[in-house]
Amino acid sequence: MTQIFDNPADFADEALDGFVAANHGYVARVDGGVVRSTEVPAGQVALVVGGGSGHYPAFAGLVGPGLAAGSACGNMFASPAAGQVYRVAKAANAGGGVLLSYGNYAGDVLHFGQAQLRLNAEGIETRTVLVTDDIASAPAEQIGKRRGIAGDLTVFKIAGAAAEAGLSLDDVERLAVKTNHRTRSLGVAFGGCTLPGADAPLFTVPAGQMSLGLGIHGEPGISEHPMPTASELAALLVSRLLEDKPEDAGTRVVAIVNGLGTVKYDELFLLFGKIEKLLDAAGLTVVEPECGELVTSLDMSGLSLTLLWLDAELEQYWAAPADTPAFRKGNLAPRARRELTGPDEAAAEELEHTTAAAAAVGRLAADLLGQVQHVIIEHEEELGNLDAIAGDGDHGIGMRRGVDAAVAAARHALEQEGGASPSRVLTAAGEAWSERAGGTSGALWGSAVIAAGLALGNRDSYSGGDAAAAATAFVDAITELGKAEAGDKTMVDALLPFRETFLNELDAGTSVADSLAAAAAAAQTAADRTADLRPLKGRARPLAEKSLGHPDPGAVSFALISERIAQHIKAELARPEPATSDKAQAAGQGAQND
Ligand code: ADP
Ligand code: MG
């Protein structure tokens with residue numbers, strides 16, 4: 001039971017504040033998480049880790065020299081929002097690029113992925129290495145689908161040591177990938193954890209039973225077994241991991257026995273002793289092992305075993321010193337404290353000089369978001385009902401929450417003296433969208449809005465080519481992050497025909513307004529046709545049969561939105577007052593072609 005809090009809703013935030021207060025020598029709070037409070041040599045690669053809260057020492061406890069440069073800290077067991085990851089990575093970046101590394105969970109992939117797109121677009125070279133060590137979560141042939149559990153530590157440690165040694169981003173990434181490929185974990189649970197304020201654990205295991213293949217977010221195991229003796233448990237964990245060993249495995253391994261929250265250290269040590277003997281009997285040499293709490297799940301009763309098969313290079317970085325609040329190894333020279341720019345200075349630094357053309361497009365972008373909001377309000381219920389057929393019924397409310405936040409953020413951005421560029425308006429709007437909407441579509445819409453904004457930038461003039469670039473960036477962001485393809489029955493089925501029609505029409509010399517109208521019609525037709533498809537991505541996939549005969553909610557909402565935007569642009573361009581001429585130009589080649 002988690003019992004120390006004032007308000008359960010503030011648990012993660014207040015715990016993080018207290019963690020920073022207790023570890024000033026290591027970490028400083030930034031908006032979205034923590035970064036090192038000590039000097040980072042210029043040009044060093046910044047390893048940025050993160051995920052939900054409730055896993056201490058993962059992830060904030062692993063920030064310090066020789067390990068992570070920063071950690072993005074989400075709510076309890078919830079991914080940090082893309083904006084949080086972005087801000088932590090920006091604060092952690094020392095000019096050598098950023099490696100994002102985290103456990104493979106859908107929400108984290110979307111949010112970290114969105115942050116990566118944005119960092120790269122701003123010229124901060126950013127890569128990602130997902131941790132996929134949990135052998136219970138997918139078969140060996142589908143290693144990329146596995147979840148990340150305590151294997152986080154081996155990947156972070158080796159990447160962090162490589163960064164500390166001054167290696168390039170390419171090399172740090174390569175070592176992290178190699179470590180992940182050679183790391184395997186398996187866990188068992190004896191009881192689930194209880195979220196702050198909840199009155200029951202997320203799952204229970206019947207007395208005298210053990211659940212094999214635990215997750216670290218209260219996911220129950222995949223099978224239940226009678227509670228074994230310590231020797232039997234050690235044999236089970238070791239044999240399963242050895243069966244799954246990587247192809248090029250050698251004989252030197254790191255072994256990590258990890259407690260999930262309430263298993264006593266004495267018990268972990270007892271088990272470790274037996275595991276070490278079994279590994280030795282299997283001809284393996286255990287190198288610099290760990291035994292303790294390294295990746296937890298609040299007060300969960302359970303433990304896991306992780307093995308990393310070393311080679312000479314990995315062993316060197318595993319053994320290298322590290323100095324963080326929760327993980328210390330060897331000796332590192334003391335580091336000077338660094339001056340972090342306060343939030344006010346950071347904001348002042350970001351003040352842009354908006355060009356007149358950009359200010360007009362920025363206003364137009366905010367207007368268009370207002371139109372999106374209207375159309376979503378009108379169809380909120382219908383979209384929810386459609387999502388309830390095979391999904392979870394939240395598409396209407398999710399879109400509504402996202403667009404409400406986006407409109408508010410866009411209007412706030414426009415309050416700046418001299419207006420705001422589409423880049424500024426849409427990055428603020430997209431960030432707010434994905435932060436508030438929750439759900440898959442919210443993260444994807446948020447990223448797409450940001451990507452369109454970055455494509456539009458803050459330029460001296462705008463033409464039809466910019467509208468094409470914005471549409472392309474919008475669609476690319478969604479396909480890159482969501483990885484859905486045509487025919488998977490997602491919004492992508494409406495997005496692709498929309499973009500294709502829009503670009504073809506523009507190429508053929510059609511005005512922006514008419515091209516948009518044609519593209520919106522294509523999106524509508526395509527959205528209707530999704531009724532014939534079975535969902536292959538997203539939450540509706542398990543209920544594929546139920547979804548047959550009904551269109552995909554995300555495709556329908558996109559078609560509705562594109563139609564409304566096309567109408568609005570047409571009306572704007574038709575308006576005679578001079579004030580609209582810059583908007584007309586802003587909207588693309590309207591000025592030339594209409
Ligand atoms: P959630 O699925 O998290 O409940 P929503 O209900 O708001 O989110 O959105 C569901 C819609 O999201 C689906 O109808 C589909 O169009 C879209 N979607 C889901 N997964 C993907 C994906 N991987 N790529 C593109 N779109 C997706
Ligand atoms: Mg849904």
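Numbers here are sequence positions counted from 1. Indexing begins at 1, ligand by ligand and atom by atom, following the structure's order.
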Which of the numbered atoms in ligand 1 are under 4.0 angstrom from any heavy atom belonging to [X]?
X: K537; result: 23 (N)
X: D387; result: 6 (O)
X: D392; result: 4 (O), 6 (O)
X: L444; result: 21 (C), 22 (C), 24 (N), 25 (C), 26 (N), 27 (C)
X: M491; result: 15 (C), 16 (O), 26 (N)

Tell me the protein heavy atom at minimum distance from [atom], and give that distance in Å.
atom: atom 7 (O) of ligand 1; result: S441 OG, 2.5 Å
atom: atom 24 (N) of ligand 1; result: A484 CB, 3.4 Å
atom: atom 1 (P) of ligand 1; result: R539 NE, 3.4 Å
atom: atom 10 (C) of ligand 1; result: H395 ND1, 3.9 Å
atom: atom 23 (N) of ligand 1; result: G482 O, 2.9 Å

Worksheet item: Any N or O on G442 sitting closer than 3.5 Å to an N or O of ligand 1?
Response: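 Such a contact does not occur with ligand 1.
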
Worksheet entry | Test of proximity, I478 against ligand 1: N or O pairs below 3.5 Å |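 It does not: no N or O of I478 is found under 3.5 Å from an N or O of ligand 1.
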
Worksheet item: Take atom CD1 in I397; do more than 12 heavy atoms of anything else shown fall under 6.0 Å from it?
Response: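 Check fails, neighbour count at 12 or below.
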
Worksheet item: Does N7 CG have over 12 foreign heavy atoms under 6.0 Å away?
Response: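 Yes, the 6.0 Å shell around CG holds more than 12 heavy atoms from other groups.
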
Are [X] and [Y] ion-paired here, with the side-chain N under 4.0 Å from a carboxylate O?
X: K90; Y: E122; answer: yes
X: D134; Y: R146; answer: no
X: D133; Y: R184; answer: no

Worksheet item: Hey, is T440 touching ligand 1 through its side chain, its backbone, both or neither, going by heavy atoms under 4.0 Å?
Response: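 Contact part for T440 vs ligand 1: both backbone and side chain.
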
Worksheet item: Vertex the Mg ion (ligand 2): angle to OD1 of D394 and OD1 of D392, to 10°?
Response: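 OD1 of D394, the Mg ion (ligand 2) and OD1 of D392 span an angle of about 80°.
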
Discussion item. Could you report the tightest heavy-atom contact between A150 and V295, atom names first, then the distance?
Written reply: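 Heavy atoms of A150 and V295 come nearest at CA-CG2, 3.8 Å.
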
Item to complete: Write down the atom of E485, the atom of V492, and the distance for their closest heavy-atom approach.
Response: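 Scanning both residues, the minimum pair turns out to be C-CG1, 4.2 Å.
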
Fill in: Exercise: do Q371 and H374 side chains pair donor with acceptor under 3.5 Å
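Not at all, the side chains of Q371 and H374 share no donor-acceptor pair under 3.5 Å.
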
Fill in: Nearest neighbour of atom 13 (C) of ligand 1 from the list T530, T490, L386, D552, on a heavy-atom basis
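Looking at heavy atoms only, the winner is D552.
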
Does the residue [X] have a heavy-atom contact with ligand 1, meaning some pair of atoms that are separated by less than 4.0 Å?
X: G398; result: no
X: G391; result: no
X: K483; result: no

Inter-residue atom distance [X].[atom1] - [Y].[atom2], 0.5 Å rounding:
X: Q84; Y: C73; atom1: CD; atom2: SG; value: 8.0 Å
X: S447; Y: L110; atom1: OG; atom2: CG; value: 7.0 Å
X: D493; Y: D488; atom1: CG; atom2: CG; value: 7.0 Å

Worksheet item: By atom name, which N, O or S atom of D387 is the nearest to the Mg ion (ligand 2)?
Response: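 Result for D387 and the Mg ion (ligand 2): OD2.
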
Worksheet entry | Evaluation steps, side chain to side chain contact (heavy atoms under 4.5 Å, CB included), between L481 and L117 | CA-CA 9 Å; L481 282 177; L117 288 178; 4.0 Å; yes

